[in-house]
Amino acid sequence: MAKIYYEADADLGVLKGRTVGIIGFGSQGHAHAQNLHDSGVDVVVGLYPGSKSWAKVQEAGLKVGTVDEVAQTADVIMILVPDQVQKQVYDDHIAPHLTPGKTLMFAHGFNIHFNRILAPEGVDVSMIAPKGPGHLVRRVYTEGGAVPALVAVHQDATEGALATALAYGKGIGSTRSGILETTFREETETDLFGEQAILCGGLTQMIKNAFETLIEAGYQPESAYFETFHEVKLIVDLMYEGGMAKMRDSISDTAEYGDYTRGPRVSPPAQKAEMKKILDEIQSGQFAREWILENQAGQPHFKALRRINAEHPIETVGEEVRGMMAWLKQGK
Ligand code: NAD
Ligand code: MG
């Protein structure tokens, strides 16, 4: 069984007298910095000079400095800038200040696992990766709960790397619900696979195919949107709460029979074979190389795909249909 750490397994005292530097104040950064601060940890946020976030950090009552200043003063440095800029920020502004005994942390293993960032020998390298977006990490913490997280140690120079990482995890709240032990390799490969094969790539493609099938057969776009897009959340919520069994308990017998008999046809063995290929590309570093080169070229393919996908009719119809649903506007 996987090892899971809870409140009693982590000691916030490990961070006493140490400063935690949070690099970046985006989705994860704002949540980690504020949760740690509220847990009594000495936090300072590192930004590039002229960053729009400067005022936001001060409004939140936190200390702020340039990345260089923070990397110099902080004992524990968590890198929470986008994965594709981490190497440059690290090489230019963090590496020069990494004296032995410091801790370098990540919320995703990409740059360590694919050898983009090579930390010096005397430094601890670890990961706390919350399994949810930053706004949720912050909100659930303020409500007394926590988003669960993963912990991994890549380099244990001080023999205290795990204790420091777990203290950090407790500071952002995650020991309240549990921190699962993993490795940089497992986290990186499963995270990329999940977002490509099912969570982001798989799901959106499936929804688009179903929507287009109904539109091409002449049905109203609004009906197509409700049936193939809107209801996805209702079904997923049931599975999230009680597994596939709870979802199948809630739907009609007709729906359940269609599920068993037609589902396998839209997900034939060829689809699983393709998933295996996608996993191979992740494991071999082929996907990492493609994404790194794409960024070096200024993201031409990425930006074209972003535009093409934003122009799909499902997005315009969706906006109109969501406009009918008053309860959705509250979250905006
Ligand atoms: P983000 O895009 O929300 O935030 C990035 C922050 O970095 C912004 O404040 C931006 O101003 C700053 N930044 C951008 N370029 C910079 C530069 N050159 N120098 C200094 N600062 C710069 O990023 P995020 O989604 O919070 O991701 C941070 C890390 O957390 C990544 O490793 C990501 O994989 C990981 N992670 C994200 C999520 C998520 O749901 N967003 C979940 C788990 C882990
Ligand atoms: Mg992910």
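Order of appearance sets the numbers: ligands from 1, and atoms from 1 within every ligand. It should be emphasised that the depicted structure is a prediction, and the values quoted were computed from it without experimental measurement. All values below come from the heavy atoms of this structure, side chains included, with hydrogens, waters and symmetry mates left out. FYI, the numbering just counts along the sequence from 1.
The CD atom of Glu227 sits 7.5 Å away from the OG atom of Ser223 when rounded to the nearest 0.5 Å.
Looking at Val81 against ligand 1, both its backbone and its side chain come within 4.0 Å, counting heavy atoms.
Those atoms of ligand 1 with a heavy atom of His108 less than 4.0 angstrom away are 32 (O), 34 (O). For ligand 1, the atoms closer than 4.0 angstrom to any heavy atom of Asp83 are 31 (C), 32 (O), 33 (C), 34 (O). For ligand 1, the atoms lying closer than 4.0 Å to a non-hydrogen atom of Val89 are 17 (C), 18 (N), 19 (N). Applying the 4.0 Å criterion to heavy atoms of Pro130 picks out, from ligand 1, the atoms 43 (C). Per-residue contacts place Pro133 under 4.0 angstrom from the following atoms of ligand 1 (heavy atoms of the residue considered): 40 (O).
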Could you list the donor-acceptor pairs under 3.5 angstrom formed between side-chain atoms of residues 205-216 and any protein atom two or more places apart in sequence or on another chain?
unit_1: Lys208; atom_1: NZ; unit_2: Asn309; atom_2: OD1; d: 2.9
unit_1: Glu212; atom_1: OE2; unit_2: His312; atom_2: NE2; d: 2.7
unit_1: Thr213; atom_1: OG1; unit_2: Asn209; atom_2: O; d: 2.7

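Between Pro82 and ligand 1, not a single N/O pair is under 3.5 Å apart. For a threshold of 3.5 Å applied to N or O pairs, the pair formed by Gln86 and ligand 1 contains at least one separation below that value. Looking at ligand 1, you'll find an N or O of Gln28 within less than 3.5 Å of one of its N or O atoms.
Trp291 has its ring centre less than 6.0 Å from the ring centre of Phe302.
Atom CZ of Arg185 has 12 or fewer heavy atoms from other residues, nucleotides or ligands within 6.0 Å.
Applying the ring-ring contact (aromatic ring centres under 6.0 Å, His included) definition to pairs two or more places apart or across chains, those involving residues 178-203 are His154-Phe184.
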Audit row: Tyr141, Ser39, side-chain hydrogen bond (donor to acceptor under 3.5 Å, both in side chains) steps and yes/no: CA-CA 10 Å; Tyr141 175 90; Ser39 295; 2.7 Å; yes
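No salt bridge links Glu281 with Lys277; every basic N to acidic carboxylate O contact stays at or beyond 4.0 Å.
Ligand 1 lies out of reach of Ser51, whose nearest heavy atom is not under 4.0 Å from it.
Ile292 is not listed as a side-chain neighbour of Phe287, based on a closest heavy-atom distance of 4.5 Å or more.
Counting heavy atoms only, Leu80 comes closest to atom 28 (C) of ligand 1 of the residues Leu136, Leu80, Ile23.
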